[in-house]
Protein chains: 2
Amino acid sequence: MATMHDVARLAQVSVSTVSYVLTGTRPISQATRNKVLAAMAELDYQPNAMARGLASRRSRILGLLMPMDERGLGATETAFVTGAAAAASAAGYHLVLSPVGGGDPGDLRRLASQRMLDGVVLMEVQLADERVTVLQEAGVPLVLIGRTGDASTLSYVDIDFDQTVREAVAHLVGLGHRQIVYVNHSAATLASGYGPALRTRDAFAAAMTGHGLDPVMIAAEDSAAGGRAALAAAFARAPELTAVLAMNESAIFGILGELSGRGLSVPDDVSVVSMVTSPQVAELATPALTAMTSPGSALGRIAIEALTRHLDDPGDHRHQQLLPCALEIRGSTAAPRRRQPMGADQ
Amino acid sequence: MATMHDVARLAQVSVSTVSYVLTGTRPISQATRNKVLAAMAELDYQPNAMARGLASRRSRILGLLMPMDERGLGATETAFVTGAAAAASAAGYHLVLSPVGGGDPGDLRRLASQRMLDGVVLMEVQLADERVTVLQEAGVPLVLIGRTGDASTLSYVDIDFDQTVREAVAHLVGLGHRQIVYVNHSAATLASGYGPALRTRDAFAAAMTGHGLDPVMIAAEDSAAGGRAALAAAFARAPELTAVLAMNESAIFGILGELSGRGLSVPDDVSVVSMVTSPQVAELATPALTAMTSPGSALGRIAIEALTRHLDDPGDHRHQQLLPCALEIRGSTAAPRRRQPMGADQ
DNA sequence: ATGAAAGCGCTAACAG
DNA sequence: CTGTTAGCGCTTTCAT
């Protein structure tokens, strides 16, 4: 393994010169730069990351902390990761994914205090997230995906749930639907302070009220069975429902299954819109689902860019940005079928 | 940020003593160890990972290289990652996931040559995988998940596809099925040398032949549409089929959709078994799928254990191990319905 | 535009 | 059982 000294000797310059052609922190004449580059190539030189990190006090490694639960990573999260990785690489950083469970904050504290990460992007942030505290105390620059309850002083990028819900509701109302049920995550998830669930809940209530409609909302366990149960509950609460808006990738198939089990067809009898859903998942269903597609890879890219910008210029301030999901119309939405002859119910 | 010197001064010992209580590489009296530990606690000391790595020439970081494609990580892969992370942590290593695409081997070469990874676990290994060559040339210890074509000199842990297919076929044959179609990954995937697709293909042919049956095999694109097309092809090739064995999580929903589209019920008309499938995905379908569940977390744990064992004792040799998937019977398999009255076709 | 040299914080001989 | 000290390979003043 060639070291910088070897390169310097072969190129007949000092080690500092070699270092400077590498970092570009001071002008080097074209002639000597070429000599050095040639020597590096000849020796197949690779700088030692540890030595560089020790001397410069910057590892050039960024951490992406993601809670890995049993359900796995959906296409949405994956797009996020690949977007982040590409941005990091473009900025000259390595991105390492750390599957630190929300379980042990000590683990995280250790990682952060060992100066092995220059900065961190936090995924799946809770409204009250102790990881944020831990990292701030350790003095690690961080960017959130999602927001804590009071994120006013933090950098974050998040989905614009308000706008997303409004657009989804507008699509359904535009088709003529009046009885729309929102299927959210579970009551336990709501209670735990999961931001997306809470924000969409409020946004749905506001959007429906804005249209002069009654917002019916149901919580569903994250499973097919949960979806089935939720749909049953939905019909109990709103027998005339003609559309379901759901934000629960695990429950959506249960909802569809229960619908067809009741002899109801999508979209003729009931329209379905799935929120924060990847095209891949949307295409799994028959018919393919009209969905609000999350801006996964853009979120990842923007988060990393904000972080590296701050790292390379500490004067750079907090970055706060919301991105809406995009409405992609597929086969699961249509105008409602008239259940009863016009005026018959009067 | 307290350093080792600070700890040594406070504890009134030398830095080396502090270092040795940390590494445990030489005996320390209980008395001084306590002094040192107390000083560490008081200063909230955390060793600097870079300095330690530079001096010891070991980063204590393990890399898990996983290609992240658009489809995302299934529950299977996630279980694998969490199993690996737990094992690494137990062995005193950090595990970083690196989403290096198969795209740029230069990227990987750089990572490896910078001595930032003590060892590497490679996921989704192809039969001919240049990443293996790159890492071997860089002298990075590695363990494969999956196998290259000639893996005789390498360490690996993989699914026992032969055994898994045999068990799945035995289950169906045991129920009375004779016309079983195997839906594999796409022809392109086969051609690219994707081990699991090739090994299961051969295993299926062998298993069916062993039962005196005709092995009908169909390739399917990794999508719902691919699954639908595959099922159509299957009926064209084997009109009397009563069971489908599939190893394609993306196509399976298309297969089920097409089945119900043709008015065929599962499992009464056609039984379905999904291979290398997580319980989570199996439960998404209606009825829930009988599946061969992959030993995800065990694979991850064993791979990391083999790697750390080798790192801590270079004398330790290559580790090669196969683990079968477990048959989990759910609602998608049953005895075939008699299509024609007994003896009527003679 | 270049060189010399002092660390960065830790490990691991080498000495007792 | 403990202390002294020479690096690990690089960055970054300070000189010139």
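The chains referred to below are lettered A, B, ... by the order of the sequence lines, with proteins before strands, and numbering in each begins at 1. The basis for the numbers below is simple: all heavy atoms, side chains too, and nothing from hydrogens, waters or symmetry mates. The structure displayed is predicted, hence computed values, not measured ones.
- You'll find the side chain of B:Ile302 reaches within 4.5 Å of the side chain of B:Leu323, heavy atoms only.
- Residue-level contact check: A:Val13 touches the backbone only, with heavy atoms under 4.0 Å from sugar-phosphate atoms and none from bases.
- Scanning DNA chain C 5' to 3' for nucleotides with an atom closer than 4.0 angstrom to a non-hydrogen atom of chain A gives a first and last hit of C:dA1 to C:dG9.
- Looking at heavy-atom distances under 4.0 Å, A:Thr3 makes contact with sugar-phosphate atoms alone, never a base.
- Here the CG atom belonging to A:Leu43 is positioned 10.5 Å from the CE atom belonging to A:Met1, to the nearest 0.5 angstrom.
- For B:Tyr20 and D:dT4, the OH to C1' distance is 11 Å, given to the nearest whole Å.
- Between A:Val13 and A:Tyr20 the shortest side-chain heavy-atom distance does not fall below 4.5 Å.
- Contact annotation: the side chain of A:Tyr156 never approaches that of A:Arg318 to less than 4.5 Å [non-hydrogen atoms, C-beta and beyond].
- Annotation: salt bridge (charged side-chain N to carboxylate O under 4.0 Å, His left out) contacts of A:Glu305 (sequence neighbours excluded): A:Arg301.
- Of the residues in residues 21-37 of chain A, those lying under 4.0 Å from DNA chain C by heavy-atom distance are A:Arg26, A:Pro27, A:Ile28, A:Ser29, A:Thr32.
- Of the two residues contacting DNA chain D, namely B:Ser16 and A:Pro47, the nearest-nucleotide position lying further toward the 5' end is that of B:Ser16.
- Contact of the A:Leu65 side chain with the A:Val121 side chain is not registered, since no non-hydrogen atoms from C-beta on lie closer than 4.5 Å.
- The only option from A:Leu97, A:Leu64, A:Val96, A:Ile61 that meets the side chain to side chain contact (heavy atoms under 4.5 Å, CB included) definition with B:Val96 turns out to be A:Val96.
- Inter-axis angle, ends of the helix from C:dA1-D:dT16 to C:dG16-D:dC1, five pairs per end, rounded to 10 degrees: 30°.
- Using a 4.5 Å heavy-atom cutoff, the side chains of B:Arg131 and B:Leu122 are in contact.
- Looking at heavy atoms from C-beta onward, A:Val120 lies out of side-chain contact with A:Leu62 at the 4.5 angstrom threshold.
- Protein atom CG of A:Asn48 is 8 Å distant from nucleotide atom C1' of D:dC10, rounded to whole Å.
- Contact check of residues 52-60 of chain B against DNA chain D (heavy atom, cut-off under 4.0 Å) returns B:Leu54, B:Ala55, B:Arg57.
- With sequence neighbours left out, B:Ser56 forms a side chain to side chain donor-acceptor pair (under 3.5 Å) with no residue at all.
- Taking only side-chain nitrogens and oxygens, B:Thr17 comes nearer than 4.0 Å to OP1 or OP2 of D:dG3.
- A:Asp6 is listed as a side-chain neighbour of A:Thr3, based on a closest heavy-atom distance under 4.5 Å.
- Within the 3.5 Å criterion, the main-chain N or O of B:Gln320 finds no donor-acceptor partner in the side chain of B:Arg147.
- Within the 4.5 Å cutoff, the side chain of A:Met50 has heavy atoms near those of the B:Ser59 side chain.
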